[in-house]
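Down below is the structure, laid out as structure tokens.
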Amino acid sequence: HMYGKCGSVEDARRVFDTMPERNLVSWNAMISAYSQHGQGKDALQLFEQMQLEGLIPDRPTFVSVLSACASESSLAEGRQMHARILAIGLESSVMVASALVNMYG
């Protein structure tokens with residue numbers, strides 16, 4: 001996570017890829033790093049990969065993914081995320097609601 005916060009997304013990804021075990025926190029950190037550094041497409045691809053590996057997104061995941069949708073001007077994908085958020089009941093989260101406002105705004 002330190003590499004991602006310092007702007008070295010490539011270093012963060014190298015560390016992420018060599019981790020013997022990845023949990024939701026490590027996935028969220030990498031998705032967030034991509035999203036915060038204008039690499040929304042990579043964030044969205046990693047989000048899909050995370051789900052294929054059986055992890056279930058949580059509030060921080062959706063905040064980063066909504067930000068990635070906003071940065072990629074991907075309103076259609078953002079609307080799909082919004083529908084998933086509604087389906088699992090995360091819309092009342094202030095973090096998620098703020099990310100939705102940012103995406104639609």
Side-chain angles (χ1 to χ4, degrees):
H1 193 223
M2 178 197 72
Y3 288 116
K5 284 192 171 250
C6 294
S8 184
V9 180
E10 295 81 17
D11 288 336
R13 183 59 191 255
R14 270 193 294 282
V15 171
F16 178 81
D17 286 341
T18 61
M19 293 175 77
E21 262 186 63
R22 294 178 227 152
N23 61 21
L24 189 56
V25 173
S26 55
W27 283 93
N28 282 346
M30 194 65 238
I31 292 168
S32 175
Y34 277 136
S35 183
Q36 289 174 6
H37 292 95
Q39 295 176 271
K41 189 174 185 177
D42 292 321
L44 294 170
Q45 288 173 344
L46 198 61
F47 173 73
E48 293 303 321
Q49 183 182 343
M50 178 191 92
Q51 293 176 98
L52 289 173
E53 294 199 16
L55 283 98
I56 299 169
D58 63 0
R59 286 176 184 87
T61 314
F62 280 113
V63 168
S64 294
V65 169
L66 289 169
S67 178
C69 289
S71 73
E72 291 296 310
S73 299
S74 181
L75 188 57
E77 198 154 7
R79 284 187 174 140
Q80 290 175 349
M81 294 301 157
H82 190 179
R84 291 184 61 190
I85 289 163
L86 291 171
I88 58 177
L90 293 180
E91 72 279 359
S92 62
S93 160
V94 173
M95 287 180 2
V96 173
S98 294
L100 283 165
V101 167
N102 180 57
M103 183 195 69
Y104 284 122

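Hydrophobic clustering places Leu75 together with Leu44 (ILVMFWY residues linked when any side-chain heavy atoms are closer than 4.5 Å, directly or through intermediates). If you chain together hydrophobic residues whose side chains sit under 4.5 Å apart, Leu24 and Tyr34 fall into the same group. One hydrophobic cluster, built from ILVMFWY side chains closer than 4.5 Å, holds both Val9 and Met19. A continuous path of ILVMFWY side-chain contacts below 4.5 Å connects Ile85 to Tyr104, so both sit in one hydrophobic cluster.
Taken to the nearest 0.5 Å, the CD atom of Gln49 stands 10.5 Å off from the CG atom of Leu55. Between the CG atom of Leu90 and the CZ atom of Phe62 there is a distance of 6.5 Å, given to the nearest 0.5 Å. Expressed to the nearest 0.5 Å, how far CD of Glu77 lies from CZ of Phe47 amounts to 8.5 Å. Atom SG in Cys69 sits 8.5 Å away from atom CD in Gln80 (nearest 0.5 Å). Going from atom CG of Asp42 over to atom CE of Met30 covers 8.0 Å, rounded to the nearest 0.5 Å.
The backbone N or O of Gly78 sits nowhere less than 3.5 Å from a side-chain atom of His82 that would complete a donor-acceptor pair. A side-chain donor-acceptor contact under 3.5 Å links Ser35 to the backbone of Ser64.
Open room surrounds CD1 on Ile56; 12 or fewer heavy atoms of other groups in view lie less than 6.0 Å from it.
Scored by the side chain to side chain donor-acceptor pair (under 3.5 Å) test, Arg14 finds Asp11 as partners (sequence neighbours excluded). For Glu91, there are no side chain to side chain donor-acceptor pair (under 3.5 Å) partners two or more places apart in sequence or in a different chain.
In this structure, Arg22 satisfies the cation-pi test against Phe16, with its NZ or CZ atom closer than 6.0 Å to the six-membered ring centre and inside 45 degrees of the ring normal.
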